[in-house]
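Since the structure comes first, as structure tokens, the remarks are kept for the end.
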Protein chains: 2
Amino acid sequence: MANSQAATLDRSFVAVAHPLRRTILERLAEGELTVGEATHDFPVSKPAISKHLRVLEEAGAIVRVIDGRTHRLRLNGASLEEAYAWLARQRALWERKLDVVEEFLKEQEDGA
Amino acid sequence: MANSQAATLDRSFVAVAHPLRRTILERLAEGELTVGEATHDFPVSKPAISKHLRVLEEAGAIVRVIDGRTHRLRLNGASLEEAYAWLARQRALWERKLDVVEEFLKEQEDGA
DNA sequence: TTGACTGTTAGCCATATGGTTAACAATACG
DNA sequence: CGTATTGTTAACCATATGGCTAACAGTCAA
């Protein structure tokens, strides 16, 4: 269970670790798009794009609806929630530590 | 320039895309640790750990201070800030369409 | 029906990733 | 000194990743 959760997180972070895949997600945040609309200006071949889409889909980051000969892509916001939560928690811990250090330094200044 | 920024983001996301590396970062959030302290219970060899540390270091996620024969590792909170910001922004955009996300959350609740 | 359009699969290639064992370097300690 | 401890590098292996071309599948439209 904890293992499969970790695997989900792995896939999510891998999904956003490539600039083209991030661009796709950014564009889908504006709304549903077809594959062509989302990637027409990408400097790679169609098969390469197809592979990136599969990575995003298997990470659960996007959902595909086949509509005639085009595939409409939709963002699945919930899927990246876990990844966001991990970074947010890590960030909170780090900031708390910074606050503690800051407080300590301030006390030193005031006291000494 | 925008390219190198993307490359930085790439490295950051790659850094947190492996469970052992995330565990290292989680433990370092509690404070500075030596390599052994941070990874003594990891089910992999020392060279494997060494490689993970290098990934984290090159992503700027950690800083290493060689102290005698041990290496003390420290979290570099700022380095993951960019990654956090990307996810946070993406999350803000999709939250704007919460009606769409709601469907998935309800599905998750019902399913689990 | 013929052809154009949208996108995927199959197969290939180069490089990256994640792991291993063996050997090494540097430090600490008896 | 000799030896244990901490961690790295070197060399190797299997698999994954990211790209390509060629070929295909399905849909739309003339």
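Lettering of chains follows the sequences in order, A, B, ..., and the numbering in each one begins at 1. Predicted, not measured: the structure shown is a model, and the values here were computed from it.
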Non-hydrogen side-chain atoms of A:L80 and B:W94 separated by less than 4.5 Å: yes
Contacting residues from residues 15-26 of chain A, given that a heavy atom lies under 4.0 angstrom of DNA chain D: A:H18, A:R21
Tell me which donor-acceptor pairs under 3.5 Å the side chains of residues 86-93 of chain A have, and how far apart each pair is, sequence neighbours excluded?
{"residue": "A:W86", "atom": "NE1", "partner": "B:E26", "partner atom": "OE2", "Å": "2.7"}
{"residue": "A:Q90", "atom": "NE2", "partner": "B:L25", "partner atom": "O", "Å": "2.6"}
{"residue": "A:R91", "atom": "NE", "partner": "B:E81", "partner atom": "OE1", "Å": "3.1"}
{"residue": "A:R91", "atom": "NE", "partner": "B:E81", "partner atom": "OE2", "Å": "2.8"}
{"residue": "A:R91", "atom": "NH2", "partner": "B:E81", "partner atom": "OE2", "Å": "3.0"}

Sugar-phosphate, base or nothing in reach of B:S45, heavy atoms under 4.0 Å: base
Integer-rounded Å distance: D:dT8 C1' and B:L73 CG: 13 Å
Heavy-atom closest contact (B:S12 atom, B:A83 atom, distance): CB-CB, 4.1 Å
B:I62 CD1 to D:dG7 P, straight-line distance once rounded to whole Å: 12 Å
Nearest listed nucleotide, side chain of A:R64, among D:dG7, C:dG7, C:dA4: C:dG7
Heavy-atom pair of closest approach, residues A:A59 and A:A15: CB-CB, 3.8 Å
Interface residues of residues 47-57 of chain A with DNA chain D (non-hydrogen, below 4.0 angstrom): A:P47, A:A48, A:K51, A:H52
Nearest-0.5 Å distance that lies between atom CZ in A:R74 and atom CG in A:L33: 12.5 Å
5' priority, DNA chain D, between B:V35 and A:V44 [closest heavy atom]: B:V35
Protein-nucleotide distance (A:R69, atom CZ; C:dT6, atom C1'), rounded to Å: 7 Å
Reference residue B:E57; test salt bridge (charged side-chain N to carboxylate O under 4.0 Å, His left out); the match among B:K51, B:R11, B:R21, B:R64: B:R64
Backbone of A:V16 reached by a side-chain donor or acceptor of A:R22 within 3.5 Å: yes
Rounded distance (Å) that lies between atom P of D:dT6 and atom CG of B:D67: 13 Å
Protein-nucleotide distance (A:K46, atom NZ; C:dG11, atom C1'), rounded to Å: 18 Å
Side-chain N,O (B:H71) to OP1/OP2 (D:dT6) below 4.0 Å: no
Under 3.5 Å: donor-acceptor pair, side chain of A:N76, backbone of A:V63: no
Any side-chain heavy-atom pair of A:T70 and A:E37 under 4.5 Å: no
Interatomic distance where NE2 belongs to A:H40 and C1' belongs to C:dC5 [whole Å]: 16 Å
